[in-house]
Amino acid sequence: MDLQASLKTAIQQAIQSLYTDPSAAPEPGEVLLQPTKKEFEGTYTYVTFPLTKPLRLSPVEIGQRLGNWLVANSPLVRAFNVVQGFLNISLADIAYIQSLNALIADGVAGAQQPDTEATQANRVMVEFSSPNTNKPLHLGHLRNIFLGDSVSRILAANGYTVTKACLVNDRGIHICKSMLAYQKFGRQPNGTFETPESAGLKGDHLIGKYYVLFDKAYKAEVAELVAGGMAEDEAAKKAPLMLQAQEMLLKWEQGDAETVALWEQLNAWVYAGFAETYRKTGISFDKTYYESQTYLLGKDVVEEGLVKGIFYQKEDKSVWIDLTAEGLDHKLVLRGDGTSVYITQDLGTTDLKFSDFHSNKSLWVVGNEQDYHFKVLFAIMKRLGRPYAEGCYHLSYGMVDLPSGKMKSREGTVVDADDLVDEVAAVAAQAAADAAKGKLDEFSEAEKQDLFRLIGLGALKYYLLKVDPQKRMLFNPAESVDVHGHTGPFIQYVHARIRSIMRKAEEAGLSTSVPADEATATADRPLHETEQEVIVLLGQFAQSVANAGRDYAPSYVAQYVYDLAKAYNRLFADVSILSEPDAAKTQLRLSLSAVVAETIRKGMGLLGIEVPEKM
RNA sequence: GCAUUCGUAGCUCAACUGGAUAGAGCACCUCACUACGGAUGAGGAGGUUUGGGGUUCGAAUCCCUACGAGUGCACCA
């Protein structure tokens, strides 16, 4: 049992001793502890105010009695003080040592090991990325992807079997636009059509180029029509390029061989481009759904809803659902001509996803502009009596803004994902040139490039993940690649620093993972304050991971790992490890350091960030 | 207009979900063991938590309200 849990049990027993009817006392799980504020003496604080009513005692009186009971009865508690309703508890060194030893015995810093049987029963699908195949990935996608990837890892660490899924938006009018532009403008002077090879572009960038070309040419057409006296909205509908794109969509839906062949060719290039971006950023998926294969689904769900009387039909045959009871509106679920709308597809794909993997939970990592859509989707699923409806969750996140304002693809202000990843690696290389001194001398050029990418990605991922997903965030290019302060590279650096000491210790024949001798916890050999602090933090890792899983919040883990790294750096400045004369202290600090390094590695791993041995 | 999310130091973000004198980083100013890895550590300055009410032992957090910002309110996806 970890330190906090043991202490809570002790406090609960103390509380029980104050009750005449012990069964009326709170459960150990209800005992809330908080870290003692710096300006007070103590490690943990228990707030006594809530007990004043049932016990009919003053907060101070309760604190005094609890404190006395704990000092008398719990070997964990060395001393206490009471300030108003706050009982500040000072732990005995033996408590820290036992806590550390428990972590060492666990193999590593206590993120719970998934129990296989439960894991099988806890299946969750996390859908993220969900790109369109008409343009390359950009900064907004990166926030989405890193979030989805990290949440997947965090859920896995909490005992879930996770399926990472991607739903590719590979069809529709916008895809036809880039296809049309390619057909019209893609022919080179030598008569052949442009390819990624001939253009020297990644496939997704090549297609993105044609999507932009379409938009330009289309706008020119609209302007011309308007100049000829047509109203703007009419011109937007009647521009030849738009009509041709619609015609192309119709052909695609009819399975026209030539159109389908073009579509397949262009999409194949885009997928190759995406694959490259995913590879560079360390992202993978277990399952990919293609909208071209799912967009017709959902009509039978609409039929089912009609039969059950959950949906209703208007005179024009369109199908609706009345969600006013849920505080939502009337929502169209099928057009009058029998064709699907966005939500029709999602009704179908949601069923499909659950039947494919028998998940009991499903997450959609999708931007907050679709909050309403998902409220409606989940409400419908509930009305339809889907048993999994309760397990549906929209992990909503805010937009990423630039210092210059919003990203607008039409205005060319989007930050391209590939460019960004290359750039952060370049900046990391520069930082290494400034700071790494001779540490990387024995690295080959390829190893260096890998390291710089690892650090650059560490900076970028950490920068995007440390912020609460719900909030829109500002992307400051200079800060995103910073290696100082509250950043990924700072944490990576602490890891490299510890590993360096570990190597030296091993060369000197010292072990780095033996439990500390409990006998060393004596009054004449007190633990240093920062040692206590680091041990307390280590004990909170598992809870932090659990909370992050509960709230789907990688930012908790990001904050935790930073706090740990920072506390360790303080320890490092305060005490000596290898040059400490007391061998028992050296041993304790080595073991402590090893657990810290491992916890940092694990924690960063949950963010999808690797940590280096040297940097 | 209706719905919804957000508003915390000059800037970017925290605050264990209602607890003490609201914490970090960046930027600015000091300082540090001849550096077990200085991509470091310590300190200073910086706040009426957008304004105003309310709930209670106690509010950045919950409720109401005003203001400001984002997003959604298509038979687009």
Side-chain angles (χ1 to χ4, degrees), chain A residues 32-40 45 47-50 52-53 58-59 83-86 88 132 169 171-175 291 295 314 316-320 327-329 332-337 339-346 367-373 375 396 398-399 401 403 406 428 431-432 434-437 439 455 463 466-468 470-476 478-480 482-487 489-490 492-494 496-501 504-505 540 543-544 547 551 555-556 558-560 562-563 566 569-580 586 589 614-615:
Chain A
L32 294 177
L33 281 181
Q34 51 184 310
T36 303
K37 292 253 172 194
K38 260 193 164 170
E39 56 267 41
F40 299 100
T45 295
V47 181
T48 62
F49 288 111
T52 51
K53 274 181 189 162
S58 79
V83 182
Q84 297 166 44
F86 299 91
N88 301 319
N132 293 345
N169 186 335
R171 49 136 254 132
I173 189 70
H174 50 296
I175 307 300
E291 212 178 285
Y295 79 106
K314 287 193 176 173
D316 66 357
K317 298 288 185 195
S318 61
V319 181
W320 297 72
L328 305 168
D329 290 312
L332 175 91
V333 293
L334 194 70
R335 291 194 189 101
D337 64 4
T339 56
S340 297
V341 291
Y342 180 39
I343 196 136
T344 323
Q345 294 180 40
D346 262 3
N368 63 8
E369 72 271 21
Q370 294 196 33
D371 286 354
Y372 186 78
H373 169 77
K375 274 188 188 167
S396 170
M399 299 290 102
D401 289 329
K406 289 163 72 169
D434 293 343
K437 310 257 165 47
K439 302 202 182 71
I455 295 170
Y463 183 78
K466 74 176 175 183
V467 182
D468 176 3
Q470 191 181 23
K471 295 184 177 170
R472 64 186 296 119
M473 66 174 291
L474 184 78
F475 182 83
N476 181 322
E479 285 177 15
S480 73
D482 200 355
V483 299
H484 304 283
H486 190 179
T487 67
F490 169 82
Q492 290 172 322
Y493 166 75
V494 175
R497 210 181 195 191
I498 298 174
R499 291 299 306 148
S500 168
I501 294 179
K504 283 204 173 132
Q540 289 165 355
Q543 189 59 49
S544 171
N547 289 346
D551 295 346
S555 59
Y556 294 4
Q559 187 69 41
Y560 170 85
Y562 173 68
D563 289 341
K566 196 155 173 46
N569 256 4
R570 245 188 327 264
L571 172 68
F572 193 87
D574 286 349
V575 304
S576 294
I577 299 174
L578 294 176
S579 43
E580 161 65 46
T586 294
R589 288 169 189 163
K614 298 179 181 177
M615 65 186 277

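Since the model is a prediction, treat every value here as computed from it, not as a measurement. A, B, ... follow the sequence lines: proteins, then strands. Residue 1 opens every chain. As a basis for the values below, the full set of heavy atoms in this structure was taken, side chains included, without hydrogen atoms, waters or symmetry mates.
At a threshold of 4.0 angstrom between heavy atoms, the contacts of A:Q540 with the nucleic acid are absent. At a threshold of 4.0 angstrom between heavy atoms, the contacts of A:S544 with the nucleic acid are absent. Within the 4.0 angstrom heavy-atom criterion, only backbone atoms of the sugar-phosphate kind lie near A:V341; the bases stay farther away. Counting any heavy atom pair closer than 4.0 Å across all strands shown, A:Q492 reaches no nucleic acid atom. Within 4.0 Å (heavy atoms only), A:A496 reaches at least one base atom of the nucleic acid. Within 4.0 Å (heavy atoms only), A:Q345 reaches sugar-phosphate atoms of the nucleic acid but no base atom. Using a 4.0 Å heavy-atom distance criterion, A:V333 is classed as making no nucleic acid contact. When heavy atoms are screened at a 4.0 angstrom cut-off, A:Q84 is found touching no nucleic acid atom at all. Across all strands shown, A:Y562 has heavy atoms under 4.0 Å from sugar-phosphate atoms exclusively, and none from any base. Across all strands shown, A:Y342 has heavy atoms under 4.0 Å from base atoms, whether or not it also approaches the sugar-phosphate. Residue A:G172 is out of contact with every strand shown, counting any heavy-atom pair closer than 4.0 Å.
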Restricting both atoms to N or O, compile the protein contacts to nucleotides 68-70 of chain B shorter than 3.5 Å, with distance only.
unit_1: B:rG70; atom_1: O2'; unit_2: A:R472; atom_2: NH1; d: 2.1

Nucleotide N/O of nucleotides 54-62 of chain B paired with protein N/O under 3.5 Å:
none

Might you list the N or O atoms of the protein lying below 3.5 Å from N or O atoms in nucleotides 42-48 of chain B, with each pair's distance?
unit_1: B:rA42; atom_1: OP1; unit_2: A:R570; atom_2: NH1; d: 3.4

Between N or O atoms, less than 3.5 Å apart, protein on one side and nucleotides 31-34 of chain B on the other: list the pairs.
none

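To the nearest whole angstrom, the two C1' atoms, one in B:rG18 and one in B:rU49, are 15 Å apart. Going from the C1' atom of B:rG46 to that of B:rG25 covers 14 Å, rounded to whole Å.
Considering only residues two or more places apart in sequence or on other chains, A:D329 meets the side-chain hydrogen bond (donor to acceptor under 3.5 Å, both in side chains) condition with A:Y372.
Side-chain contact of A:S396 with A:D371: a donor-acceptor pair under 3.5 Å is present, judged by distance alone.
OP1 or OP2 of B:rG37 sits under 4.0 Å from a side-chain N or O of A:S500. Residue A:N547 places no side-chain N or O under 4.0 Å from the OP1 or OP2 atom of B:rC16. Contact between the side-chain N/O atoms of A:K37 and the OP1/OP2 oxygens of B:rA20 is found at a separation under 4.0 Å.
As a whole-Å value, the separation of A:M473 CE from B:rU5 C1' is 17 Å. Between the NZ atom of A:K471 and the P atom of B:rU49 there is a distance of 16 Å, rounded to whole Å. Protein atom NZ of A:K614 is 15 Å distant from nucleotide atom P of B:rA39, rounded to whole Å.
A donor and an acceptor atom sit less than 3.5 Å apart, one in the side chain of A:N88 and one in the base of B:rA20. With hydrogens and angles left out, the side chain of A:S555 and the base of B:rA14 share no donor-acceptor pair within 3.5 Å.
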In dot-bracket form, how is RNA chain B paired, counting a Watson-Crick or G-U wobble pair only if both its distances are under 3.5 Å and using | for bases paired to another strand? (((((((..((((.....[...)))).(((((.......))))).....(((((..]....))))))))))))....

